[in-house]
Protein chains: 2
Amino acid sequence: MISQTGQYALRACVYLVQQAGDAACSGARIAGRTGIPAKYLSKILGDLVHVGVLDATRGKGGGFRLRRPPTDIRLLEILSPFESSLRDDTACPFRHGECSSRSPCPGHDQWRIVKDGFRNFVQDMTLAAIATSSAPARTAPLRKGRRT
Amino acid sequence: MISQTGQYALRACVYLVQQAGDAACSGARIAGRTGIPAKYLSKILGDLVHVGVLDATRGKGGGFRLRRPPTDIRLLEILSPFESSLRDDTACPFRHGECSSRSPCPGHDQWRIVKDGFRNFVQDMTLAAIATSSAPARTAPLRKGRRT
DNA sequence: ATGACTATAAACCTATCTTTATATCGTCAT
DNA sequence: ATGACGATATAAAGATAGGTTTATAGTCAT
């Protein structure tokens, strides 16, 4: 449901939150602790720099760090560079072309509940919420069935 | 959320239900009507024969047809040959190893609601339900949050 | 009637292209 | 010089296409 790459991105960011605060964290270090293949992770982290989730500083003592506080980063932001289904609104999987909200195919509504469940999850859940080992700390309540 | 291939499989089966009943339908015909690349579809349909969803007869007048009544076929059956996430139970996307139902990470429960929503959908929804153009005709009610 | 021919259609095998996952090398900062 | 990011190449998987083989059913001449 979430691609390997997407999961790597999430896990790396979670680690950065836990490693909290001060110094930057090298890619190699994150890879070691999270069990993600080091070289591949470096590419992923690079993408997260491009979209503005991470900051990178090179050279000795450099590494990656979150650009904004984790309470302000939604999972959607971390995942969307890697999950095409989150970027372009995928069409109805049951019909060829002619299936919209206006003339829905059977199953359309039920499917949207599922799809929206996923989308709302990554859209409302913050990085802080999944990283803090304490209480759920849900910043925004999950609302279901929001119509598009 | 559902792979291209999985969507093709669903759409082809839906077409077979609509084309209802009697004669077998050639792969080329299905491809033409559903807009699915013909050669690729033939491979997909072959897979669906292997798992017992479809019957195939060769030669003139041959083609594909459903092996069982569509009210008896769950979407899960059609999708599982193509969606690895439906076959092997994917682990928690937020943590490395140590995250179970017993010691859940934050976000674990919310994520399971989303994941179960998807799984229950494909598990409960029948092919007939998404193919009949009339009322939803939901055979089994969707239950949510069933714990594993 | 019956064998041969032909049209039809699935099955199979391989080749290409795109996306995803991974490794190698180069570049920059201290 | 060394630690660490960055861009580029390779590998594997998913998606697509081409062509050949095999099986079946109808047709047609003898």
Side-chain angles (χ1 to χ4, degrees), chain A residues 1-12 16 19 23-51 53-67 79-88 90 93, chain B residues 1-12 16 19 23-51 53-67 79-88 90 93:
Chain A
M1 221 169 158
I2 298 182
S3 72
Q4 185 80 274
T5 308
Q7 296 186 31
Y8 285 167
L10 285 178
R11 272 160 50 187
L16 279 177
Q19 248 307 310
C25 225
S26 86
R29 180 189 181 82
I30 302 175
R33 304 307 163 99
T34 57
I36 302 170
K39 289 317 180 63
Y40 187 41
L41 180 59
S42 102
K43 178 198 167 356
I44 296 171
L45 295 175
D47 291 345
L48 288 176
V49 169
H50 273 116
V51 299
V53 171
L54 298 182
D55 259 332
T57 55
R58 310 215 237 195
K60 203 162 192 170
F64 298 92
R65 82 191 79 198
L66 294 167
R67 180 169 296 186
L79 289 176
S80 50
F82 312 109
E83 306 290 323
S84 60
S85 68
L86 288 175
R87 288 195 303 271
D88 35 87
T90 50
Chain B
M1 221 170 156
I2 297 182
S3 73
Q4 184 80 278
T5 308
Q7 296 186 32
Y8 285 167
L10 285 179
R11 273 160 51 187
L16 279 178
Q19 249 305 310
C25 225
S26 85
R29 181 189 181 81
I30 302 175
R33 303 307 164 96
T34 57
I36 301 170
K39 281 314 181 68
Y40 190 42
L41 179 61
S42 101
K43 176 199 165 357
I44 295 170
L45 295 177
D47 291 345
L48 288 176
V49 169
H50 274 116
V51 299
V53 171
L54 298 182
D55 260 331
T57 54
R58 311 214 235 195
K60 201 161 193 169
F64 298 92
R65 82 192 79 200
L66 294 167
R67 179 169 298 185
L79 288 176
S80 50
F82 313 108
E83 306 291 323
S84 59
S85 69
L86 287 176
R87 289 195 303 272
D88 34 86
T90 51

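First the proteins, then the strands, lettered A, B, ... as listed; each starts at 1.
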Using whole Å, what does the distance between atom C1' of nucleotide C/dA9 and atom CG of B/L41 come to? 13 Å
Has B/Y8 got a side-chain N or O lying under 4.0 Å from the OP1 or OP2 atom of D/dT16? yes
Mapping B/G61 and B/S84 to their closest nucleotides on DNA chain D, which lands nearer the 5' end? B/S84
Please report the interatomic distance CZ(B/R65) to SG(B/C25), rounded to the nearest 0.5 Å. 10.0 Å
Once you round to the nearest 0.5 Å, how far does OG of B/S85 lie from CE of B/M1? 9.0 Å
Distance check, rounded to the nearest 0.5 Å: A/L41 atom CG versus A/R11 atom CZ? 9.5 Å
Just checking A/T57: base, sugar-phosphate only, or nothing, at a heavy-atom cut-off of under 4.0 Å? sugar-phosphate
Could you pull out every donor-acceptor pair under 3.5 Å between side chains of residues 30-38 of chain A and any protein atom, sequence neighbours left out?
| residue | atom | partner | partner atom | Å |
| --- | --- | --- | --- | --- |
| A/T34 | OG1 | A/I30 | O | 2.7 |

Distances for protein N or O near nucleotides 6-10 of chain D N or O, under 3.5 Å:
none

Starting from P on C/dT19, measure out to CD on A/E83 and report it in whole angstrom. 15 Å
Atom pair distance, as rounded to whole Å: CZ in A/R11 and P in C/dA21: 12 Å
Assess whether side chain to side chain contact (heavy atoms under 4.5 Å, CB included) is satisfied between A/F82 and A/L48, documenting all intermediate values. CA-CA 10 Å; A/F82 312 109; A/L48 288 176; 4.0 Å; yes
B/F64 and B/V49: side chain to side chain contact (heavy atoms under 4.5 Å, CB included), yes or no, with the steps? CA-CA 9 Å; B/F64 298 92; B/V49 169; 3.8 Å; yes
Without decimals, in angstroms, what is the distance between B/D47 CG and D/dT16 C1'? 14 Å
Test side chain to side chain contact (heavy atoms under 4.5 Å, CB included) on A/D55 and A/L66 and set out the steps. CA-CA 6 Å; A/D55 259 332; A/L66 294 167; over 6 Å; no
Any donor-acceptor N/O pair, B/E83 side chain to B/I2 backbone, under 3.5 Å: no
Quick one: is A/T5 getting a side-chain N or O under 4.0 Å of the C/dT20 phosphate, OP1 or OP2? no
What integer distance in Å separates A/R65:CZ from D/dA4:C1'? 13 Å
Can you check whether B/Y40 has a side-chain N or O nearer than 4.0 Å to OP1 or OP2 of D/dA15? yes
Given atom CZ of A/F82 and atom P of C/dT18, what is their separation to the nearest angstrom? 22 Å
Rounded interatomic separation in angstrom, taking CD1 from A/I44 and P from D/dA4: 19 Å
Within the sub-3.5 Å range, which N or O atoms of nucleotides 5-7 of chain C have a protein N or O partner, and how far apart are they?
none

d(A/K43 NZ, A/T5 OG1) to nearest 0.5 Å is 8.0 Å
To the nearest Å, how far apart are B/Q4 CD and D/dA17 P? 11 Å
